[in-house]
Protein chains: 2
Amino acid sequence: MPPEHAVGRYHHGDLRNALIEGAGRVLLEKGTCGFSLREVAKVAGVSHAAPYRHFRDKAALLQALRQAGFEQLGLAIRTAADGKPHNPEQKLIEASVAYVHFAVQNPEITRLMFGGTVELQENDVRPDVSVTAYESLLDIIQEGVEQGSFRQRPPQELALVAWTSMHGLAMLAVAGLLAVEANDERVLDELVRAVARNVIYGIVK
Amino acid sequence: MPPEHAVGRYHHGDLRNALIEGAGRVLLEKGTCGFSLREVAKVAGVSHAAPYRHFRDKAALLQALRQAGFEQLGLAIRTAADGKPHNPEQKLIEASVAYVHFAVQNPEITRLMFGGTVELQENDVRPDVSVTAYESLLDIIQEGVEQGSFRQRPPQELALVAWTSMHGLAMLAVAGLLAVEANDERVLDELVRAVARNVIYGIVK
DNA sequence: CCCCTATGTTTACATTGTAAACATAGGGTT
DNA sequence: AACCCTATGTTTACAATGTAAACATAGGGG
């Protein structure tokens with residue numbers, strides 16, 4: 001059991017988590033490019049080799065960050081959807097907004113998650129985490145199709161369109177490749193809603 | 001005018017282009033992470049500082065690669081569309097297939113183009129290049145809507161859906177986050193066509 | 001009480017980006 | 001033709017980085 005407050009001690013107590021958190025901060029400041037293991041160590045207040053007791057690699061640390069990102073994103077989506085019970089349309093829209101918002105507000109993490117910068121190594125939990133978002137959408141859509149408020153199409157196909165278009169919107173926004181006005185949060189929101197409605201009704205209302 | 005064959009000479013003759021080409025190869029082999037200026041120089045057969053006479057930065061070289069990528073992609077899209085004159089539906093489908101194919105077959109370049117790894121610096125031509133793909137799609141869609149073969153919706157909205165969903169599909173494929181079967185090229189093609197039909201007709205036929 | 005192991009630290013080294021000082025070649029001016 | 005100017009390369013130098021190896025320490029189980 002790690003000691004309560006082990007600051008200044010020889011043994012940090014909970015270095016692994018401290019490193020992940022520190023890595024998040026460093027990533028935020030310096031971006032994926034400028035991200036350095038040594039700086040993470042410095043931020044965590046340990047020597048530059050200490051991280052190697054907890055992560056095989058620089059890549060392994062980034063991978064942990066990535067994993068955490070997927071979990072956060074999944075949570076955000078589910079939370080947003082749960083705010084609108086029994087209303088699949090609103091659920092899908094809110095989930096979509098949450099998805100794009102997460103991306104825009106955590107651009108570096110998002111790049112890390114979806115950019116493919118970190119090689120997916122052998123033991124990755126990739127299937128689990130990447131499928132999460134898709135399955136959340138699929139659940140919502142299934143409900144919508146069953147209760148008849150969505151157009152009557154195979155849920156897998158609707159989910160594919162939803163997943164790809166939301167992801168695309170998010171990535172373009174993160175990359176700064178959407179029209180300038182889309183930098184405005186409300187404009188972006190409207191884009192998301194328009195795309196979501198396309199999924200739901202098949203037309204952009 | 002650069003000499004014909006200036007191999008082994010003190011002055012390379014056309015180093016700038018040689019560097020860009022070499023950078024492409026290095027990027028392919030080592031990926032965005034392992035990409036090193038010094039290795040590019042080695043591949044081009046010059047000293048490790050020579051690139052600095054042609055590019056301010058490592059980032060500047062990557063930026064040039066990125067730029068070239070955008071041009072290639074734009075060309076691929078236009079070529080694919082031009083193969084089906086007077087048939088907007090086929091045009092959109094072929095353009096979409098070309099888009100995703102380019103991404104899947106040039107994953108590293110694609111990451112470079114859309115990953116945001118390279119900071120978009122002041123003097124970037126970003127507007128031009130990023131808008132290219134979108135405008136190509138928009139042109140096709142405009143034609144389709146006008147001639148009545150597409151659903152009657154504002155072309156901008158259809159283009160938005162097309163652009164985002166194709167981009168999303170491409171990025172997910174590159175990141176290896178689609179279902180396993182999507183690694184099969186034909187399966188991926190079918191996905192693209194399904195998504196394109198959704199844009200055209202509003203339903204997944 | 002002792003030592004074993006998990007966790008840190010120090011030292012060392014190769015690689016990298018980049019700057020500064022130096023070299024050369026090849027063309028325009030006289 | 002001689003000259004030198006500048007564009008283009010090269011060498012040298014340095015600081016930052018990833019990572020391995022050898023060393024240190026603390027805290028718990030025999």
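Note that the structure is predicted; figures quoted are calculated from it, not measured. Proteins come first, then strands; the chains are lettered A, B, ... in the order of their sequence lines, and each starts at number 1.
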Please write out each protein N/O paired with an N/O of nucleotides 15-19 of chain D under 3.5 Å, distance rounded to 0.1 Å.
| residue | atom | partner | partner atom | Å |
| --- | --- | --- | --- | --- |
| D/dG18 | OP1 | A/L37 | N | 3.0 |
| D/dG18 | OP1 | A/K58 | NZ | 3.2 |
| D/dG18 | OP2 | A/L37 | N | 3.0 |
| D/dG18 | OP2 | A/R38 | N | 3.1 |
| D/dG18 | N7 | A/R38 | NH1 | 2.5 |
| D/dG18 | O6 | A/R38 | NH1 | 2.8 |
| D/dT19 | OP1 | A/D57 | OD1 | 3.1 |
| D/dT19 | OP2 | A/Y52 | OH | 3.2 |
| D/dT19 | OP2 | A/K58 | N | 3.0 |
| D/dT19 | O5' | A/Y52 | OH | 3.4 |
| D/dT19 | O4 | A/R38 | NH1 | 3.1 |
| D/dT19 | O4 | A/H48 | NE2 | 3.3 |

Taking [atom1] from [X] and [atom2] from [N], how many angstroms apart are they, rounded to a whole number?
| X | N | atom1 | atom2 | value |
| --- | --- | --- | --- | --- |
| B/R53 | D/dT6 | CZ | P | 14 Å |
| B/L61 | C/dT16 | CG | P | 15 Å |
| A/L15 | C/dG8 | CG | P | 5 Å |
| B/K30 | C/dG17 | NZ | P | 13 Å |
| A/F55 | C/dT7 | CZ | C1' | 14 Å |

Residues forming a ring pair (Phe, Tyr, Trp, His ring centres under 6.0 Å) with A/Y99, sequence neighbours excluded: A/W163

Set of side-chain hydrogen bond (donor to acceptor under 3.5 Å, both in side chains) partners for [X], sequence neighbours left out:
| X | value |
| --- | --- |
| B/N17 | B/D14 |
| B/T110 | none |
| A/D189 | A/H101 |
| A/E39 | none |

Pair partner, D/dG18 [Watson-Crick or wobble, under 3.5 Å]: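 Result: C/dC13.
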
Watson-Crick or G-U counterpart of C/dA25, or none if no pair lies under 3.5 Å: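 Checking every strand shown, C/dA25 finds its partner in D/dT6, with both distances under 3.5 Å.
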
Under 4.0 angstrom between A/H54 side-chain N/O and C/dG8 OP1 or OP2: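 True: A/H54 side-chain N/O within range (under 4.0 Å) of C/dG8 OP1/OP2.
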
Presence of salt bridge, A/R78 and A/E71, under 4.0 angstrom: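 A salt bridge is absent here (no side-chain N lies under 4.0 Å from a carboxylate O).
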
